[in-house]
Each structure stands twice: as C-alpha cells, then as structure tokens.
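Structure first, then comments.
Computed from a predicted model, the values in this text were never measured in an experiment.
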Amino acid sequence: MNESPELVKRLLETVVAFTWFFDTCDESVVDDDTAVKQLEQASYFMSRLSGADKLRLVEELAAMATSETDPEYRQYLKKFAFTVGLVETDED
C-alpha cells in the first residue's frame, strides 16, 4: 500500500466516530431506522475492501484501542472490526 498512514488513521477515526454516533445516539436525535441504515452502509463499504486493506484497518483499530482512555470507547474500538465485518470472529 502506498497510502499516507496519517490519512488512513484520520479517515478511520472519522468512520468510527460517525458509527459511534449512530450506534449510541438517542431516537430523539436520529430515528432508529436511519441509524441502522447508516451502520449497515458503513459495514457494506468496509466489506468491499481487499483482505490487505481490511488487515491494515484492523491493525490501526488495535493501535487506536490501546491508546484510548475512555473505557467504553476503547471497548467499541476493540469490537469495531467484527461489527463492521472486517473480521469474521469477535476475538475480544
């Protein structure tokens, strides 16, 4: 891969932040059906990545989780790869 490591990290942080929002927001903020649709869309896009790209993101997620200080968000990061289909089993 010839991507910018900083670009990959920042884009992944953005995707995780948006999915966190849709996954945790109250129905008074976003309709549940809309939130689910957005989460499914993120999973669909992630599923289309090559195996090497998925592995790259899984590694980046692990690094993000290690440095995260919020326990709840750290757990979300640890489960994110499985949740969006980057890996087939939940290893956490």
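- A donor-acceptor pair shorter than 3.5 Å cannot be found between the side chains of Tyr76 and Thr83.
- Between Pro5 and Arg56 there is a side-chain heavy-atom pair separated by less than 4.5 Å.
- The nearest pair of heavy atoms linking Ala65 to Arg74 is O-CG, 3.2 Å.
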For residues 29-43, dump all side-chain donor-acceptor pairs below 3.5 Å to protein atoms at least two apart in sequence or in another chain.
| from | atom 1 | to | atom 2 | distance (Å) |
| --- | --- | --- | --- | --- |
| Asp31 | OD2 | Asp33 | N | 3.1 |
| Asp31 | OD2 | Thr34 | N | 3.3 |
| Ser43 | OG | Leu39 | O | 3.2 |

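- A single hydrophobic cluster is seen to contain both Leu49 and Leu12, as judged by linkage of ILVMFWY side chains at heavy-atom distances under 4.5 Å, directly or through other members.
- From Met46, atom CE reaches atom OG1 of Thr19 across 7.5 Å, with rounding to the nearest 0.5 Å.
- Crowding of Phe21 atom CZ: a count of heavy atoms from other residues, nucleotides or ligands under 6.0 Å exceeding 12.
- Summarising the geometry, atom OG1 belonging to Thr24 is positioned 7.5 Å from atom CD belonging to Glu72; distances are rounded to the nearest 0.5 Å.
- Taking Asp26 as the reference, Ser28 meet the side chain to side chain donor-acceptor pair (under 3.5 Å) condition, with sequence neighbours excluded.
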Item to complete: Would you sort out whether Leu57 and Val8 count as a side-chain contact (heavy atoms from CB on, under 4.5 Å), showing the intermediate values?
Response: CA-CA 8 Å; Leu57 294 182; Val8 170; 3.9 Å; yes
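- The distance from the CZ atom of Phe82 to the CG atom of Leu61 is 14.5 Å, given to the nearest 0.5 Å.
- For the atom pair Glu60 CD and Arg10 CZ, the distance stands at 9.0 Å (nearest 0.5 Å).
- Atom-to-atom distance recorded for Ser47:OG and Lys54:NZ is 6.0 Å, nearest 0.5 angstrom.
- Looking only at side-chain heavy atoms (C-beta outward), Val16 and Glu13 stay at 4.5 Å or farther from each other.
- To the nearest 0.5 Å, atoms CD (Glu68) and CG (Leu77) are separated by 6.0 Å.
- For Tyr73, the ring-ring contact (aromatic ring centres under 6.0 Å, His included) partners two or more places apart in sequence, or in a different chain, are Trp20.
- Residues Val87 and Leu55 fall into different hydrophobic clusters, defined by Ile, Leu, Val, Met, Phe, Trp and Tyr side chains chained together at heavy-atom separations under 4.5 Å.
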